[in-house]
> 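Handing you a structure now.
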Amino acid sequence: MNISFLNCEGEAMTVEMSLKGVYLSSGSACTSRILEPSHVLLALKRKYEEAHGSVLMKTTPFLTVSDIEYVLTCFPEAVQRIRSISPFRGG
């Protein structure tokens, strides 16, 4: 699953969420060492800012509803913190 957050860098999101025990990726495995937005998202006509703020989440049949609910509660706080320190505040 790919999720994009405006004014919130994907790489920063991976760090912030890992502090909460949630592990994401800011790119595909084949581009894991490149800090550029996904070429696939750009080809799908996503804005550069949207693609740059995207993260990937992999799911398995072993995830529980409570696992998913936990992740969903972590996102708003992480996004708010990253936006508060980011030089890319939009506007």
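No experiment lies behind these values; they were computed from the predicted model shown.
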> Working to the nearest 0.5 Å, report the span between CZ of Phe5 and CD1 of Ile82.
8.5 Å
> Which heavy atom of Val55 sits nearest to which heavy atom of Gly10, and what is that distance?
CG1-O, 3.6 Å
> Indicate, with yes or no, if Leu19 and Ile85 share a hydrophobic cluster defined by side-chain heavy-atom contacts under 4.5 Å among Ile, Leu, Val, Met, Phe, Trp and Tyr.
no
> Working to the nearest 0.5 angstrom, can you tell me the gap between Ser4 OG and Met13 CE?
10.5 Å
> Which pairs of donor and acceptor atoms, one on a side chain in residues 68-79, lie under 3.5 Å apart (sequence neighbours left out)?
unit_1 : atom_1 : unit_2 : atom_2 : d
Tyr70  : OH     : Lys20  : O      : 2.6
Thr73  : OG1    : Tyr70  : O      : 2.7
Glu77  : OE2    : Lys20  : NZ     : 2.9

> Got a second to check how far Ser54's OG is from Met1's CE, nearest 0.5 Å?
12.5 Å
> Hey, could you give me the NZ/OH distance between Lys58 and Tyr23, rounded to the nearest 0.5 Å?
15.0 Å
> From Asn2 CG over to Ser26 OG, what is the distance, rounded to the nearest 0.5 angstrom?
10.5 Å
> Using the rule that Ile, Leu, Val, Met, Phe, Trp and Tyr join whenever any side-chain heavy atoms are under 4.5 Å apart, tell me whether Ile3 and Met17 fall into a single cluster.
yes
> Between the side chain of Ser18 and the main-chain N/O of Gly21, is any donor-acceptor distance below 3.5 Å?
no
> Provide the closest heavy-atom pair for Thr14 versus Leu24 in the form atom of the first, atom of the second, distance.
CG2-O, 3.8 Å
